Protein chains: 2
Amino acid sequence: MNEFNEYFKSAFTVDNVIFGFDEGDLKVLLIKRGEEPYHGKWGLPGYFVYPNEDLDTAAKRVLEQLTGLRNVFLEQVKTFGTVNRHPFGRVITVAYFSLIKISHYTLQPSSIARKAKWHSVAEVEDLAFDHNDILNACFNRLKWLVRSRPVGFELLPPKFTLTELQHLYEAILETKLDKRNFRKKILTMDLLVDLEETQEGVAHRPARLYQFDRNRYEQLLAEGLSFELKESKRKEPAERKPRTKRTPQEMA
Amino acid sequence: MNEFNEYFKSAFTVDNVIFGFDEGDLKVLLIKRGEEPYHGKWGLPGYFVYPNEDLDTAAKRVLEQLTGLRNVFLEQVKTFGTVNRHPFGRVITVAYFSLIKISHYTLQPSSIARKAKWHSVAEVEDLAFDHNDILNACFNRLKWLVRSRPVGFELLPPKFTLTELQHLYEAILETKLDKRNFRKKILTMDLLVDLEETQEGVAHRPARLYQFDRNRYEQLLAEGLSFELKESKRKEPAERKPRTKRTPQEMA
DNA sequence: CACACTTAGTGTATATTGTACACAATTTTA
DNA sequence: TAAAATTGTGTACAATATACACTAAGTGTG
């Protein structure tokens with residue numbers, strides 16, 4: 001076994017890419033690093049895996065320690081192991097990702113992480129280590145995932161409107177969808193429970209609220225669900241007319 | 001940096017799951033281990049990653065050193081890191097997979113690997129380490145892949161018949177497909193070049209030979225190819241009649 | 001309190017794709 | 001020359017995807 005000693009000098013970490021959805025925008029959870037290396041820079045919540053700890057366990061622990069988030073389902077995505085990706089030595093990192101409802105969790109950044117904050121995925125700056133690459137890989141995974149199954153309920157509050165759901169899909173897929181076809185597709189899957197409630201406090205016709213039917217979802221998965229949403233080719237509607245009365249004829 | 005020293009005591013390896021297709025059967029390349037641990041057992045071709053070596057590079061090197069296979073495209077699948085998966089200490093392993101044409105490569109097992117041999121995926125025995133889990137994960141990846149794009153040309157010789165292609169898909173998907181629908185689907189994708197040649201030395205009507213059109217494939221991928229093959233629900237044909245003359249009427 | 005504003009909600013006709021299914025054609029072999 | 005083996009082909013029907021526009025139901029305001 002002596003001959004192998006030279007190999008036992010490396011370390012590994014886990015990094016978590018946590019997606020959320022808020023204000024019509026896809027977000028990712030970042031922490032402002034409170035220690036070296038990259039002290040003061042934004043990065044993904046990650047840390048070393050303990051010697052006696054499984055990878056999945058480590059990912060959960062690290063996430064909780066850095067942000068206070070608990071009971072989050074994490075899925076392994078990819079491992080990054082470029083030789084010089086970490087200044088302290090040879091460190092490979094296993095990337096995990098998850099989808100959560102932002103409003104349901106309260107961030108409690110630890111002392112190591114000085115700050116944890118949701119950032120718009122579209123506007124993420126230059127991150128510590130190779131975290132931009134990692135984020136990218138996870139974002140691609142999310143896009144891929146959302147095409148193959150009606151994921152994304154994880155990102156919405158328990159009660160949501162069909163329009164919110166559609167906006168979520170549009171944000172992830174970076175495309176526009178046709179309202180009627182989207183609704184038809186979602187509703188025929190029988191995945192939503194109509195709560196027979198409506199929105200309140202909006203200055204327009206309030207939308208119905210729905211809830212995700214998790215049992216039905218498990219059932220569909222077991223059946224080998226396939227799910228595809230195609231981009232709407234509809235041309236942009238012409239600009240809104242200014243605030244004046246319109247005669248019925250104009251509406252044809 | 002001192003505080004981190006305890007983390008720099010682990011090692012990592014790469015393990016390769018190489019699939020091939022031969023005699024109508026999906027195969028995986030295994031080596032008979034020539035050193036401890038698990039000396040004498042069959043396992044995946046894998047080894048430690050050198051301290052100054054990237055993961056992808058290591059996967060390629062290891063594969064070549066153990067089997068003589070070169071220029072094989074390898075794709076990362078998943079990382080396995082259970083605490084006690086390796087008797088020598090904390091070792092996590094990154095699994096890679098690939099598809100190759102068996103007939104195109106000659107195996108040249110190294111002295112470390114006493115033997116490299118293709119095994120039927122369906123009949124793989126108890127392997128070293130957690131290699132059964134790794135193989136499983138990669139097999140699932142292959143199934144998933146084959147559903148989303150017309151992969152698998154990688155597994156066939158450069159010239160092949162449509163029936164061979166169909167058998168390959170049936171082997172991977174563990175299902176039966178309808179001949180006419182399969183051909184229609186494949187041919188309308190315009191992925192095959194009809195070589196205007198036929199099989200030789202078969203005791204029946206010889207089949208046309210086709211070649212895979214790689215350019216067209218790249219193009220389809222860029223367009224965001226989607227591809228789905230559904231199981232044939234056709235009932236098994238009744239048992240063949242014995243070798244006797246049949247009148248035309250009987251064939252209705 | 002009427003009307004302007006905003007967003008929700010709905011249906012249909014057409015095109016595309018998937019599916020089930022059976023027999024004639026071409027080669028070898030005895 | 002007949003049988004065996006396997007290739008190769010088409011069509012009708014069903015299911016799914018797509019394009020598309022107006023009415024409904026609230027709120028705000030002048």
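Below, chains carry the letters A, B, ... as their sequence lines are ordered, and counting in each starts from 1. Computed from a predicted structure; not experimentally measured.
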Peer 1: In whole angstrom, give the distance that lies between atom CZ of A:Phe182 and atom C1' of C:dG9.
Peer 2: 14 Å

Peer 1: In a table with atom names and distances, give each donor-acceptor pair under 3.5 Å that connects a side chain of residues 69-77 of chain B to protein atoms at least two apart or in another chain.
Peer 2:
| residue | atom | partner | partner atom | Å |
| --- | --- | --- | --- | --- |
| B:Arg70 | NE | B:Glu64 | OE2 | 3.3 |
| B:Glu75 | OE2 | B:Arg141 | NH2 | 3.4 |

Peer 1: Indicate for each nucleotide in nucleotides 7-13 of chain D, in 5' to 3' sequence, whether protein heavy atoms under 4.0 Å reach the base (B), only the sugar-phosphate (S), or nothing (-).
Peer 2: BBBBB--

Peer 1: I'd like to check the salt bridge (charged side-chain N to carboxylate O under 4.0 Å, His left out) partners of A:Glu125; sequence neighbours left out, ordered by chain and number.
Peer 2: none

Peer 1: For A:Asp56, give me all partners under side chain to side chain donor-acceptor pair (under 3.5 Å), at least two apart in sequence or on another chain.
Peer 2: A:Tyr96

Peer 1: Mind checking side chain to side chain donor-acceptor pair (under 3.5 Å) for B:Asp22 and listing every partner two or more places apart, or none if nothing turns up?
Peer 2: none

Peer 1: List in chain and number order the residues that pass salt bridge (charged side-chain N to carboxylate O under 4.0 Å, His left out) with A:Lys184, two or more places apart in sequence or in another chain; answer none if no residue qualifies.
Peer 2: none

Peer 1: Quick one: A:Leu165 CG to C:dG9 C1', roughly how many Å, whole number?
Peer 2: 15 Å

Peer 1: Using atom types as modelled, flag every donor-acceptor pair under 3.5 Å from a side chain in residues 202-215 of chain B to any protein atom, sequence neighbours excluded.
Peer 2:
| residue | atom | partner | partner atom | Å |
| --- | --- | --- | --- | --- |
| B:Arg208 | NH1 | B:Asp194 | OD1 | 3.1 |
| B:Arg208 | NH1 | B:Asp194 | OD2 | 2.4 |
| B:Asp213 | OD1 | B:Asn215 | N | 3.2 |
| B:Asp213 | OD1 | B:Arg216 | N | 3.1 |

Peer 1: Residues in salt bridge (charged side-chain N to carboxylate O under 4.0 Å, His left out) with B:Lys60, at least two apart?
Peer 2: none

Peer 1: Find every protein N or O atom lying less than 3.5 Å from an N or O atom of nucleotides 14-17 of chain C, and list the pairs.
Peer 2:
none

Peer 1: Determine the minimum heavy-atom distance between A:Pro157 and A:Lys101, stating which atoms define it.
Peer 2: CA-CD, 3.9 Å

